[in-house]
S.K.: 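Here it is, the structure, as structure tokens.
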Amino acid sequence: MSLAVPLSPAAESDPPSSLEAVSPRSIIEADSEPSDGAESCNTSTKSVNQSIFDFIRENGRTYHRYQAGSYMFPNDQLENERLDLQYEIIKVLFKGRNFYAPLKDPKKIMDIGTGTGKWAIEMGNQFPNCEVTGTDLSPIQPEWVPNNVKFVIDDANEEDWMIAPNSHDYIHTRILLGSFEDFRDIIKKSFRYLKPGGFMESQEYMPTVYCDDGTMDSSYAFAEWTATQDKAAMILGRPLRIANKLKRWYEQAGFVDVHEEIYKLPVNSWPKDPQFKMLGRFTESNLLDGLQAFSLQMFQKGLGWTKDEIEVYLVHVRKAISDRNVHAYHKIYVVWGRKPEEGEASTS
């Protein structure tokens, strides 16, 4: 539903150079102070009817009704607040920019898996003459949005996205690991629906836990949890480790001028640098708030664990996430590419 609100268009300014991305080979200096200096983080067009809002209740959480089971994470208020925090973390990590593709005057933008819709709304404000459509399985987006923004309950797994081929200037995805059996299919479909010269961009989280200075050993419970989650995801046919493959998949699908940027995101507030410390502090909160959501259906359906077994297991994982003696981080990948103009050779 799209309703007008008196929002001022965001000021357009030149985004920072992509060279400002934090190289995965660069070093984040650890803070030598044992204390954090702050309190620790403890803690549609398709059949839009009332049944879609009748969410499935399981393990004290709610899950989407439309195409039930295809997305394994909750859609309740707790998760929505976590998604909004995650959005702000990524925004700061990217130095305020929402996209990397060289967009000039887009007329049609699609956001696949829009979640709470914050990215789509900001893009609608930045490009007031552009039609921005966010698609998702859950109707959790706000009703009051800019006139040029709309949200549609739809499943990107469907072969027909109910839009015309060669119709969009830009298609965007963000943190959709574990959402699809094969993300290459989403890339291929996006290629089909983009105009010649249009761009696709994916901003994706790599779940592998990294460490540059030897402070993470084989007993680190958060890394062990990551491996366990990955095992469950593979059993369920929902791969998580897709970020580092996106550039190759884009090129195989036919995109040209494919670029990749990689950022480091600390697991907690271990860095000395004030901005990284802040990012780590919020990331710690985001991980702690989301750990149950990331585990429940994955471990129950993939590994046959009970809820009680999961909760007991997560106690040590939470402690590990908050351990500032381990200088762990994740990588965030940004990949974008252009659909060739008619007559232009592709890379596929």
Side-chain angles (χ1 to χ4, degrees), residues 22 24 28 30 41 43 59 61 71-74 79 82-83 85-86 89-90 93 174-181 183 202-246 262-271 276 279-307 309-334:
V22 180
I28 303 177
C41 302
T43 44
N59 296 314
R61 308 298 298 264
Y71 180 73
M72 307 198 71
F73 308 111
E79 175 65 3
R82 188 200 66 79
L83 288 172
L85 174 59
Q86 176 179 274
I89 292 169
I90 297 298
L93 184 67
R174 174 179 286 189
I175 309 188
L176 294 182
L177 69 167
S179 298
F180 302 101
E181 291 183 1
F183 195 76
S202 295
Q203 301 162 351
E204 194 56 68
Y205 174 96
M206 186 69 178
T208 303
V209 184
Y210 299 90
C211 177
D212 295 332
D213 61 6
T215 56
M216 182 178 77
D217 60 29
S218 58
S219 66
Y220 186 49
F222 182 46
E224 198 278 334
W225 172 86
T226 299
T228 304
Q229 187 201 37
D230 184 76
K231 177 183 177 181
M234 295 304 293
I235 291 173
L236 294 167
R238 290 288 188 271
L240 299 172
R241 290 175 286 110
I242 64 173
N244 60 336
K245 304 177 181 71
L246 290 172
I262 308 173
Y263 289 81
K264 286 182 176 181
L265 184 61
V267 165
N268 61 37
S269 59
W270 63 261
F276 275 119
L279 282 169
R281 185 175 296 129
F282 286 123
T283 298
E284 177 187 356
S285 178
N286 191 58
L287 289 170
L288 293 175
D289 289 347
L291 194 62
Q292 185 198 58
F294 304 152
S295 305
L296 281 173
Q297 285 207 358
M298 283 279 188
F299 288 16
Q300 286 179 323
K301 296 182 178 180
L303 304 176
W305 293 16
T306 66
K307 184 183 179 184
E309 287 172 334
I310 294 170
E311 294 292 2
V312 170
Y313 174 71
L314 294 182
V315 171
H316 297 294
V317 180
R318 291 189 174 93
K319 290 180 180 178
I321 289 173
S322 298
D323 185 355
R324 296 180 67 249
N325 293 312
V326 179
H327 303 153
Y329 65 90
H330 289 111
K331 294 178 182 179
I332 306 295
Y333 283 71
V334 182

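Every heavy atom of this structure was used, including side-chain atoms; hydrogens, water molecules and symmetry mates were not. All residue numbers refer to positions in the sequence shown, counting from 1.
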S.K.: What is the minimum heavy-atom distance between Tyr313 and Trp225, and which atoms define it?
M.R.: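 Tyr313 and Trp225 have their closest heavy atoms at OH-CA, 3.2 Å.
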
S.K.: Answer with yes or no whether the side chains of Asp212 and Tyr329 bring together a donor and an acceptor at under 3.5 Å.
M.R.: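 There is such a pair between these side chains.
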
S.K.: When you measure from the centre of the six-membered ring of Tyr210, is the NZ or CZ of Lys331 closer than 6.0 Å and no more than 45° off the axis?
M.R.: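 Yes.
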
S.K.: For Glu311, check side-chain hydrogen bond (donor to acceptor under 3.5 Å, both in side chains) against everything at least two apart and list the hits.
M.R.: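 So Glu311 forms a side-chain hydrogen bond (donor to acceptor under 3.5 Å, both in side chains) with Gln292.
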
S.K.: For the side chain of Arg324 and the backbone of Ser269, is there at least one donor-acceptor N/O pair under 3.5 Å apart?
M.R.: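 Here the side-chain-to-backbone pair exists.
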
S.K.: I need the full list of salt bridge (Lys or Arg N to Asp or Glu O under 4.0 Å) pairs touching residues 215-227, with sequence neighbours left out, sorted by first then second residue.
M.R.: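 Matches after skipping sequence neighbours: none remain.
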
S.K.: So, taking the atom named CG in Asp323 and the one named NE2 in His316, what distance separates them when rounded to the nearest 0.5 Å?
M.R.: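 Interatomic distance, Asp323 CG to His316 NE2, rounded to 0.5 Å: 13.5 Å.
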
S.K.: Suppose we screen for side-chain contact (heavy atoms from CB on, under 4.5 Å). Which residues come up paired with Leu85, at least two apart in sequence or across chains?
M.R.: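 Only Ile89, Phe282, Ser285, Asn286 meet the side-chain contact (heavy atoms from CB on, under 4.5 Å) criterion with Leu85.
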
S.K.: Run Ile321 and Val267 through side-chain contact (heavy atoms from CB on, under 4.5 Å) and show every step you take.
M.R.: CA-CA 7 Å; Ile321 289 173; Val267 165; 4.1 Å; yes

S.K.: I need the Leu265 CG to Ile332 CD1 distance, nearest 0.5 Å.
M.R.: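 The CD1 atom of Ile332 is 5.0 Å from CG of Leu265, to the nearest 0.5 Å.
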
S.K.: Would you compute the distance between atom OG1 of Thr208 and atom CG of Asn244 and round it to the nearest 0.5 angstrom?
M.R.: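 So the gap between those two atoms works out to 7.0 Å.
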
S.K.: Can you name the side-chain hydrogen bond (donor to acceptor under 3.5 Å, both in side chains) partners of Glu204, sequence neighbours left out?
M.R.: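 Residues passing side-chain hydrogen bond (donor to acceptor under 3.5 Å, both in side chains) with Glu204: none at all.
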
S.K.: List in chain and number order the residues that pass salt bridge (charged side-chain N to carboxylate O under 4.0 Å, His left out) with Glu181, two or more places apart in sequence or in another chain; answer none if no residue qualifies.
M.R.: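 Only Arg238 meet the salt bridge (charged side-chain N to carboxylate O under 4.0 Å, His left out) criterion with Glu181.
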
S.K.: For Thr306, enumerate each residue passing the side-chain contact (heavy atoms from CB on, under 4.5 Å) test, keeping only those at least two apart in sequence or located in another chain.
M.R.: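 Scan of Thr306 (side-chain contact (heavy atoms from CB on, under 4.5 Å), adjacent residues dropped) gives Asp308, Glu309.
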
S.K.: Charged N to carboxylate O below 4.0 Å: is that the case for Glu79 and Arg82?
M.R.: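 Arg82 and Glu79: salt-bridged.
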
S.K.: Just how far is it from atom CZ of Phe276 to atom OG1 of Thr283, taken to the nearest 0.5 Å?
M.R.: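 The distance works out to 10.5 Å.
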
S.K.: With rounding to the nearest 0.5 angstrom, report the CG to NZ distance, Leu303 to Lys231.
M.R.: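 Leu303 atom CG to Lys231 atom NZ measures 6.0 Å (nearest 0.5 Å).
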
S.K.: Suppose we screen for side-chain contact (heavy atoms from CB on, under 4.5 Å). Which residues come up paired with Lys319, at least two apart in sequence or across chains?
M.R.: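 For Lys319, the residues satisfying side-chain contact (heavy atoms from CB on, under 4.5 Å) (neighbours in sequence not counted) are Val315.
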
S.K.: Are the side chains of Leu246 and Phe183 in touch, meaning some heavy atoms are under 4.5 Å apart?
M.R.: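 They are in contact (side-chain heavy atoms under 4.5 Å apart), so the answer is yes.
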
S.K.: Could you tell me if Gln229 and Ser295 have a donor-acceptor pair between their side chains, going purely by distance under 3.5 Å?
M.R.: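 No, because no side-chain N or O of Ser295 sits under 3.5 Å from a partner of the opposite role on Gln229.
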
S.K.: Parallel, tilted or perpendicular for His330 and Phe222, by the 30°/60° rule?
M.R.: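 The rings of His330 and Phe222 stand perpendicular, inter-plane angle above 60°.
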
S.K.: Report yes if some heavy atom in the side chain of Val326 is under 4.5 Å from a heavy atom in the side chain of Val209; otherwise report no.
M.R.: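 No, too far: nothing below the 4.5 Å cut-off.
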
S.K.: If the condition is side-chain hydrogen bond (donor to acceptor under 3.5 Å, both in side chains), which residues does Thr215 pass it with, not counting sequence neighbours?
M.R.: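 Once residues adjacent in sequence are excluded, the partners of Thr215 under the side-chain hydrogen bond (donor to acceptor under 3.5 Å, both in side chains) criterion are Asp213.
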
S.K.: At their closest point, which heavy atom of Cys211 faces which heavy atom of His327, and how far apart are they?
M.R.: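 Cys211 and His327 have their closest heavy atoms at SG-O, 3.5 Å.
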
S.K.: Show the nearest heavy-atom pair for residues Leu93 and Lys264, with the distance to one decimal.
M.R.: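 It is CD1-O, 3.4 Å.
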
S.K.: Hey, mind stepping through Met298 and Leu236 against side-chain contact (heavy atoms from CB on, under 4.5 Å) and telling me if it holds?
M.R.: CA-CA 8 Å; Met298 283 279 188; Leu236 294 167; 4.1 Å; yes

S.K.: Return the set of residues passing side-chain hydrogen bond (donor to acceptor under 3.5 Å, both in side chains) with Trp270 (not counting sequence neighbours), or none when no residue passes.
M.R.: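 Trp270: no side-chain hydrogen bond (donor to acceptor under 3.5 Å, both in side chains) contacts found.
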
S.K.: Using 0.5 Å steps for rounding, measure from the CG atom of Leu279 to the CD atom of Glu284.
M.R.: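 Rounded to the nearest 0.5 Å, the CG-CD separation comes out at 13.0 Å.
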
S.K.: Got a sec, which residues hit side-chain contact (heavy atoms from CB on, under 4.5 Å) with Pro207, two or more places apart in sequence or on another chain?
M.R.: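 In terms of side-chain contact (heavy atoms from CB on, under 4.5 Å), with neighbours along the sequence ignored, Pro207 is linked to Leu177, Tyr205, Thr226, Leu240, Arg241.
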
S.K.: Is the shortest heavy-atom distance from the side chain of Phe180 to the side chain of Ile242 under 4.5 Å?
M.R.: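 When only atoms from C-beta onward are counted, Ile242 and Phe180 do not touch, as no gap falls below 4.5 Å.
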
